[in-house]
S.K.: 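Here's a structure for you.
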Amino acid sequence: MNSSPFCTCSKLDCRLHPTNHDKGCAPCVSKNLQTKEMPSCFFNVLEGADSRPGDTFEDFADLVKKNKA
């Protein structure tokens, strides 16, 4: 069961994916806060997310800027 119905992450083999436990998005968000990265679900609402170089805040900001142009 996916306890986070809005999750768009397709990395189902990730141990933090909501389908692999009963804690929703909290483990993923916690990990991303520690590593200063953005969760995949934030990237996945933007065009070109599949070709991003990484998951950093800067990568996210760059993709947001590209989507505004």
Side-chain angles (χ1 to χ4, degrees):
M1 177 184 119
N2 185 343
S3 59
S4 298
F6 57 84
C7 180
T8 60
C9 181
S10 59
K11 299 176 184 174
L12 299 177
D13 58 339
C14 175
R15 65 182 179 83
L16 302 178
H17 194 279
T19 58
N20 295 323
H21 54 77
D22 62 356
K23 297 176 180 140
C25 295
C28 178
V29 171
S30 177
K31 173 259 181 194
N32 282 290
L33 287 171
Q34 290 176 12
T35 59
K36 297 191 180 348
E37 295 180 329
M38 296 294 287
S40 289
C41 59
F42 282 66
F43 280 98
N44 291 342
V45 299
L46 299 169
E47 190 173 319
D50 291 337
S51 62
R52 69 184 184 264
D55 293 337
T56 67
F57 295 156
E58 291 82 8
D59 294 328
F60 184 72
D62 289 344
L63 194 57
V64 168
K65 288 177 186 175
K66 285 179 186 174
N67 275 257
K68 276 189 116 177

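Heavy atoms only: backbone and side chains are in, while hydrogens, waters and symmetry mates are out.
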S.K.: Which atom names give the shortest non-hydrogen contact between His17 and Cys7, and what distance separates them?
M.R.: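 Smallest interatomic distance, heavy atoms only, reads NE2-SG, 3.8 Å.
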S.K.: If the condition is ring pair (Phe, Tyr, Trp, His ring centres under 6.0 Å), which residues does Phe42 pass it with, not counting sequence neighbours?
M.R.: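 Phe42 satisfies ring pair (Phe, Tyr, Trp, His ring centres under 6.0 Å) with no residue once adjacent residues are dropped.
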S.K.: Pairs in or reaching into residues 43-69: which pass ring-ring contact (aromatic ring centres under 6.0 Å, His included), with residues at least two apart or in two chains?
M.R.: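 Non-adjacent pairs meeting ring-ring contact (aromatic ring centres under 6.0 Å, His included): Phe43-Phe60.
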S.K.: Report the residues that fulfil side-chain hydrogen bond (donor to acceptor under 3.5 Å, both in side chains) with Asn32, sequence neighbours left out, ordered by chain and then residue number.
M.R.: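 In terms of side-chain hydrogen bond (donor to acceptor under 3.5 Å, both in side chains), with neighbours along the sequence ignored, Asn32 is linked to no residue.
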S.K.: Lys31: what forms a salt bridge (charged side-chain N to carboxylate O under 4.0 Å, His left out) with it, not counting sequence neighbours?
M.R.: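 For Lys31, the residues satisfying salt bridge (charged side-chain N to carboxylate O under 4.0 Å, His left out) (neighbours in sequence not counted) are Glu37.
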S.K.: Would you mind writing out the side-chain donor-acceptor pairs for residues 62-69 within the sub-3.5 Å range, not counting sequence neighbours?
M.R.:
residue : atom : partner : partner atom : Å
Asn67   : OD1  : Glu47   : N            : 2.9
Asn67   : ND2  : Glu47   : O            : 3.0
Asn67   : ND2  : Leu63   : O            : 2.8

S.K.: Of all residues at least two apart in sequence or in a different chain, which pass the side-chain contact (heavy atoms from CB on, under 4.5 Å) check with Ser30?
M.R.: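 Expected list: Gln34.
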S.K.: Are Met38 and Val29 connected, step by step, through hydrophobic side chains (Ile, Leu, Val, Met, Phe, Trp, Tyr) whose heavy atoms are closer than 4.5 Å?
M.R.: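 Hydrophobic grouping puts Met38 apart from Val29.
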S.K.: Would you check if Thr19 and Leu12 make a side-chain contact, meaning some heavy-atom pair closer than 4.5 Å?
M.R.: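 With C-beta onward as the side chain, the pair touches.
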S.K.: I need the minimum non-hydrogen distance between Asp59 and Asp55, along with the two atoms involved.
M.R.: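 Looks like OD2-N, 3.3 Å.
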S.K.: Return the set of residues passing side-chain contact (heavy atoms from CB on, under 4.5 Å) with Ser10 (not counting sequence neighbours), or none when no residue passes.
M.R.: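 side-chain contact (heavy atoms from CB on, under 4.5 Å) list for Ser10, sorted by chain: empty.
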S.K.: Taking all non-hydrogen atoms of both residues, which atom of Ser40 and which atom of Lys11 are closest, and how far apart?
M.R.: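 Smallest heavy-atom distance, with atoms named: OG-NZ, 3.7 Å.
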S.K.: Starting from Leu16, walk the hydrophobic network (Ile, Leu, Val, Met, Phe, Trp, Tyr; side-chain heavy atoms closer than 4.5 Å) and list everyone else you reach, by chain and number.
M.R.: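 Result for Leu16 is none, singleton.
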